[in-house]
Amino acid sequence: MAETAAALRTVAHNVRAARIRAGLTLEELSRRAQVSKGALVGLEKAQGNPNLATLVRLADTLGISVSALMQGSPEGRVRVVSAEAVAPLWTGEGGSEARLMLTTSGPTPVEIWRWRLEPGEEYPSHPHQGGVVETVSVTSGRMTLVVDGTEHTVEAGQTATFDGDTPHTYRGSGTEACHLIMTVHLPPGPAPAN
């Protein structure tokens with residue numbers, strides 16, 4: 001419980017700081033991210049339980065990565081992150097999960113995700129901001145990647161890439177769990193408002 005409260009305080013601090021850097025009021029961020037003002041007020045007070053879709057919409061609107069909303073200050077020049085040390089940001093009813101392992105620093109950050117998709121389970125993603133490019137590399141099993149309504153089978157040893165500014169879905173297929181590494185390449189953030 002203490003870890004959850006600490007994580008929520010970090011998200012609250014990072015959302016508020018990014019909103020102020022971008023020169024956005026709560027009302028404007030609410031409108032742009034399509035998140036209620038009440039939810040934003042609660043989030044900035046470290047209250048509530050934001051889901052992955054909400055965090056993605058806020059990050060996209062603020063021009064930062066999801067992990068930039070969730071992580072504290074970087075520690076040293078090299079970061080080594082264990083999957084067991086990172087709580088899933090999404091879990092499916094059948095045992096699927098997505099863990100945001102880390103985000104690289106710099107003007108065009110890259111998020112590194114580890115996913116497990118159980119057969120038949122899926123995660124539909126809203127379109128991201130323009131300029132976001134996703135890459136999925138399947139390490140075992142098989143998945144169906146649906147981009148803009150078209151299905152693509154991606155099997156162990158294969159990698160697919162696509163523009164993330166269109167609706168897309170990740171679905172486990174086959175008879176065993178699909179394990180994959182996903183990278184989300186983010187465009188440079190917006191310039192602060194004057």
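Predicted model only: the values in this text are computed from it and were never measured.
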Hey, what do you get for CZ (R57) to OG1 (T61), rounding to the nearest 0.5 Å? 8.5 Å

Shortest non-hydrogen pair, E134 vs T161, comes out as O-OG1, 2.9 Å

Spacing of CD belonging to E111 relative to CG belonging to L100, to within rounding of 0.5 Å: 5.0 Å

Below 3.5 Å, can you tabulate the donor-acceptor pairs from side chains in residues 118-125 to any protein atom, sequence neighbours excluded?
unit_1, atom_1, unit_2, atom_2, d
E118, OE2, R116, NE, 3.2
E121, OE1, G94, N, 3.2
E121, OE1, S96, N, 3.2
E121, OE1, S96, OG, 2.6
E121, OE2, E93, N, 2.7
E121, OE2, G94, N, 2.7
E122, OE1, R171, NE, 2.8
S125, OG, H168, NE2, 3.2

Atom NE2 of H185 and atom OG1 of T104: how far apart are they, to the nearest 0.5 Å? 8.5 Å

Check: E28 side chain, T25 main-chain N or O, donor-acceptor pair, under 3.5 Å: no

Using the test side-chain contact (heavy atoms from CB on, under 4.5 Å), find all partners of D163 that sit at least two apart in sequence or belong to another chain. V133, D165

Shortest non-hydrogen contact from V154 toward A160: CG2-CB, 4.0 Å

Atom pair CD1/OG1 of I181 and T135 - distance to nearest 0.5 Å: 12.0 Å

What's the separation between atom CG in L29 and atom CG in L62, rounded to the nearest 0.5 Å? 5.0 Å

Show the numbers, then the answer: is there a side chain to side chain contact (heavy atoms under 4.5 Å, CB included) between L89 and W113? CA-CA 10 Å; L89 284 180; W113 293 77; 3.6 Å; yes

Those residues that, when tested against S82, pass side-chain hydrogen bond (donor to acceptor under 3.5 Å, both in side chains) (two or more places apart): E84

Less than 3.5 Å apart, which donor and acceptor atoms pair up between the side chains of residues 34-48 and the rest of the protein, not counting sequence neighbours?
unit_1, atom_1, unit_2, atom_2, d
S36, OG, A39, N, 3.0
K37, NZ, E27, OE2, 2.6
E44, OE1, R19, NH2, 3.1
E44, OE2, R19, NE, 2.7

Would you please name every residue forming a side-chain hydrogen bond (donor to acceptor under 3.5 Å, both in side chains) with R99, sequence neighbours left out? E97

Quick one, V11 and L55 - any side-chain contact, counting heavy atoms below 4.5 Å? yes

For Y170 and M182: C-alpha separation, side-chain torsions, deciding distance, then whether side chain to side chain contact (heavy atoms under 4.5 Å, CB included) applies. CA-CA 11 Å; Y170 321 106; M182 176 174 51; 3.5 Å; yes

Please output the side-chain donor-acceptor pairs of residues 137-147 that fall under 3.5 Å, not counting sequence neighbours, one pair per line with the distance.
unit_1, atom_1, unit_2, atom_2, d
S137, OG, T159, OG1, 2.9
T139, OG1, H179, O, 3.1
T144, OG1, S173, OG, 3.4

Heavy-atom pair with the smallest gap, counting every atom of A33 and L58: CB-CD2, 3.9 Å

